[in-house]
S.K.: 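Encoded as structure tokens, here's the structure I'll be asking about.
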2 protein chains.
Amino acid sequence: MRRELQTVRAFNRALTRRWRSASGPAPLAEREQGVDRVLLGVGRRGSSERALRERLALDSGYLSRLLRALERQGLVRSEARSGEDARRRFIVLTRAGLARLRRFDAQDRARVRSLLAPLTACESQQLLEAMALIERLLRRSGVVIGAVDPAGAAARWCFAQYFDELDARFPGGFDRRTGRGAVRAELLPPRGRLLIARLDGAPVGCGAIRELAPGVLEIKRMWVAPSARGLGIGRELLEALERIARRRRARLIRLDTHATLNEALRLYRKAGYRRIARYNDNPYAQRWFEKRLR
Amino acid sequence: MRRELQTVRAFNRALTRRWRSASGPAPLAEREQGVDRVLLGVGRRGSSERALRERLALDSGYLSRLLRALERQGLVRSEARSGEDARRRFIVLTRAGLARLRRFDAQDRARVRSLLAPLTACESQQLLEAMALIERLLRRSGVVIGAVDPAGAAARWCFAQYFDELDARFPGGFDRRTGRGAVRAELLPPRGRLLIARLDGAPVGCGAIRELAPGVLEIKRMWVAPSARGLGIGRELLEALERIARRRRARLIRLDTHATLNEALRLYRKAGYRRIARYNDNPYAQRWFEKRLR
DNA sequence: GAAGATCTCTGACTAGAGTCAGCGTATGCG
DNA sequence: CGCATACGCTGACTCTAGTCAGAGATCTTC
């Protein structure tokens, strides 16, 4: 632990020195507060005040005041959208606001440039790769997996995303009604289990098991949000489901999937699933796998 | 540039999310302000108020108030040291203050642990290595090399450090008077040049050339502060000196060194210097090198 | 159509992190 | 000795980033 702590501290210190010090370039993170944060939050496309408040986790009164300040500076315009709820206000950037956004961009570029300039090509390559790795691992380390009720909001959101994706990827589309049926009891203990992966609180993946026959479980609804792919969430979900299966003394796990779901096929193969013959009549299934648990 | 900017931004965002978010562990950097910063600044050994003010770049009035607050909490004691300037105050941590420091330590450990806990051993290894690399490269990218007057404060400080090190590492010690002599003119243009490397403004290395004969330059006083070794500063200094030599159309660079200075020997070999016979009567030299410039 | 919820806005307030000008004492130097 | 300067201390002030409690308009639901 000693070494780890030292490494993290040294890393932190170097970052603050280089990003927050007067001598180095100003921090990219400088605009994480106050008016500028709001300006960035509004973005090129604009945003409803409501959404902005939730995204930035700001007090409604405070946000209102910040927006008024931005309006006074002519950077932002707050408009009521006809046909919509007249209480809601929609915020868009004015021309000046957009220019300000572009200036932020230019500043950041200059900062990154001044960060990389003293390094050789090889070194700056290394730096960027290390940053990308850290970003990935930090996000990865923010993932929490837990069991939920299939009827809850998070589960329903995941399922909707999952079905949307199936619909988009299956050549003939996907009929959502197939998935519905009397699932809730099937995926709730004692018969089954639904796990959800969350990243910073927001659901980014799911996976479930249900009982096919005594000692035989089936994996269903494995899905990871596109924004969170590549973090190993799928594998983690799968492993968690297998742990549950083992605890129940299941001897076999089966699953079906579609030939177009490459990531899933790769995941299952890597986890030791072997292709078998059709074992069900799921009209959307094209591949069947199983894994024997020991 | 687009890609670099995106990488740096994503990295930054992931860091702030994970370190400054309510959901994740609290930031290690949390104590970079106010009372706690002062407490950390005082440190186990104590510090004079003056030194503290400079180190933390605080207003004297503000620091005084912060210290009074810490004193009221019983974390710090401010004492006049007998025999010294009676205006100066020396700050030491009380027992409670030391305990607080230890608590900070424990907190940081817990944070690092919670950061690494969700990762596999391999992943956390990768994370720490990437952090170490970034730290190194960020420090590296803060290094600035420039020519200075050998009689200036920065140069004199470097020379003193250099001689101290020679004295410590040479089996028979090193007599500083050897180095003195009429150096200033030798290391000033047009006859020679002295370069100093600075990290965040503080000198961390030096290197000079002087003319031995027409077309033949000699490298002198190559030194990098122990705290800044491993960043490639030596190589960068050497390359800068060689660039100067080339600009002067020198055809040969020579140098002497001591057998105990391993890092220097390695540096010279790697840069293409080849060992030659003794070419001067420097009593402290044991190895002689040269490199032909093209 | 009334009750309650939702959305934005306003005013009053707070806590933290400083800044600034000047005070009193101690010291160093001519 | 006298004077400029250094050091720490105090009081008064500022600026930022909020929080909190409601008010008024608008929408949803029964």
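Scope of the values below: all heavy atoms of this structure, side chains included, with no hydrogens, waters or symmetry mates. In this text, all values refer to a predicted model and were calculated from it rather than measured experimentally. Here is how names work: the chains are called A, B, and so on, in the same order as the sequence lines, proteins then strands, and each is numbered from 1.
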S.K.: Before you tell me yes or no, could you show the steps for A:T7 and A:R3 under side-chain hydrogen bond (donor to acceptor under 3.5 Å, both in side chains), namely the whole-Å CA-CA distance, both residues' side-chain angles and the distance that decides it to 0.1 Å?
M.R.: CA-CA 6 Å; A:T7 305; A:R3 259 181 55 80; 5.0 Å; no
S.K.: At 10 degrees resolution, what angle do the end axes of the helix from C:dG1-D:dC30 to C:dG30-D:dC1 form when each is taken over five base pairs?
M.R.: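 Comparing the axis at each end, I get an angle of 10°.
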S.K.: Ignoring backbone atoms, test whether B:S64 places a side-chain nitrogen or oxygen under 4.0 Å from the OP1 or OP2 oxygen of D:dG8.
M.R.: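 It does not, given that no N or O in the side chain of B:S64 lies less than 4.0 Å from OP1 or OP2 of D:dG8.
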S.K.: Sequence neighbours excluded, which residues qualify as side chain to side chain contact (heavy atoms under 4.5 Å, CB included) partners of A:F104?
M.R.: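 Applying side chain to side chain contact (heavy atoms under 4.5 Å, CB included) to A:F104 gives A:R31, A:D36, A:L39, A:L40, A:R100, A:L101, A:Q107.
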S.K.: Can you list the residues that meet the side chain to side chain contact (heavy atoms under 4.5 Å, CB included) rule with B:Y162, with sequence neighbours excluded?
M.R.: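 Expected list: B:L166, B:R221, B:W223.
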S.K.: Taking side-chain hydrogen bond (donor to acceptor under 3.5 Å, both in side chains) as the cut-off, I'd like each qualifying pair that reaches into residues 88-98 of chain B, sequence neighbours left out, listed once.
M.R.: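 Checked against side-chain hydrogen bond (donor to acceptor under 3.5 Å, both in side chains) - neighbours excluded - the pairs reaching residues 88-98 of chain B are B:S78-B:R89.
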S.K.: Please enumerate all residues that pass side chain to side chain contact (heavy atoms under 4.5 Å, CB included) together with B:V144, with sequence neighbours excluded.
M.R.: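 Result, side chain to side chain contact (heavy atoms under 4.5 Å, CB included) vs B:V144: none returned.
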S.K.: Under the side chain to side chain donor-acceptor pair (under 3.5 Å) test, which residues partner A:R87, sequence neighbours left out?
M.R.: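 Only A:D85 meet the side chain to side chain donor-acceptor pair (under 3.5 Å) criterion with A:R87.
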S.K.: Holding to side chain to side chain donor-acceptor pair (under 3.5 Å), I want the full list of residues that pass it with A:S47, two or more places apart in sequence or in another chain.
M.R.: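 With neighbours one apart ignored, the set is A:R55.
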S.K.: What does the B/S/- profile of nucleotides 13-26 of chain D look like, 5' to 3', with a 4.0 Å heavy-atom cutoff to protein?
M.R.: ----SBBB----BB
S.K.: Between which nucleotides of DNA chain C, read 5' to 3', does contact with chain A run, using atoms under 4.0 Å from its heavy atoms?
M.R.: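 With heavy atoms of chain A under 4.0 Å away, the range is C:dA5 to C:dA12.
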S.K.: Quick check on contacts: within residues 69-80 of chain B, what sits under 4.0 Å from DNA chain C by heavy-atom distance?
M.R.: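 When residues 69-80 of chain B is checked for heavy atoms under 4.0 Å from DNA chain C, there are no hits whatsoever.
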S.K.: Just how far is it from atom CZ of B:R37 to atom CG of B:L56, taken to the nearest 0.5 Å?
M.R.: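 The CZ atom of B:R37 sits 5.5 Å away from the CG atom of B:L56.
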S.K.: Less than 4.0 angstrom between a side-chain N/O of B:R53 and OP1 or OP2 of D:dG8, yes or no?
M.R.: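 Looking at the OP1 and OP2 atoms of D:dG8, one of them is under 4.0 Å from a side-chain N or O of B:R53.
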S.K.: Go through the structure and list residues passing side chain to side chain contact (heavy atoms under 4.5 Å, CB included) with A:A99, not counting sequence neighbours.
M.R.: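 Applying side chain to side chain contact (heavy atoms under 4.5 Å, CB included) to A:A99 gives A:R102.
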S.K.: Can you tell me how far P of D:dC7 sits from CZ of B:R81, to the nearest Å?
M.R.: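 Going from B:R81 (CZ) to D:dC7 (P), I get 17 Å.
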S.K.: Roughly how far, to the nearest 0.5 Å, is CG of A:L133 from CG of B:L133?
M.R.: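 It is 10.0 Å, given to the nearest 0.5 Å.
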S.K.: Rounded off to whole Å, could you give me the CD-to-C1' distance for the B:E54 and D:dG8 pair?
M.R.: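 Computing the B:E54:CD to D:dG8:C1' distance gives 14 Å.
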S.K.: Would you call A:R9 and B:D105 a salt bridge, using N to O less than 4.0 angstrom?
M.R.: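 Looking at B:D105 together with A:R9, the answer is yes, because their closest N to O distance falls below 4.0 Å.
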S.K.: Could you note down all residue pairs passing salt bridge (charged side-chain N to carboxylate O under 4.0 Å, His left out) where residues 38-49 of chain B supplies at least one of them, sequence neighbours left out?
M.R.: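 Salt bridge (charged side-chain N to carboxylate O under 4.0 Å, His left out) check on residues 38-49 of chain B returns no pairs.
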S.K.: Using every non-hydrogen atom in the two residues, find where B:C206 and B:L194 come nearest and quote the distance to one decimal.
M.R.: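 Closest approach of B:C206 to B:L194, heavy atoms only: CB-CD1, 4.3 Å.
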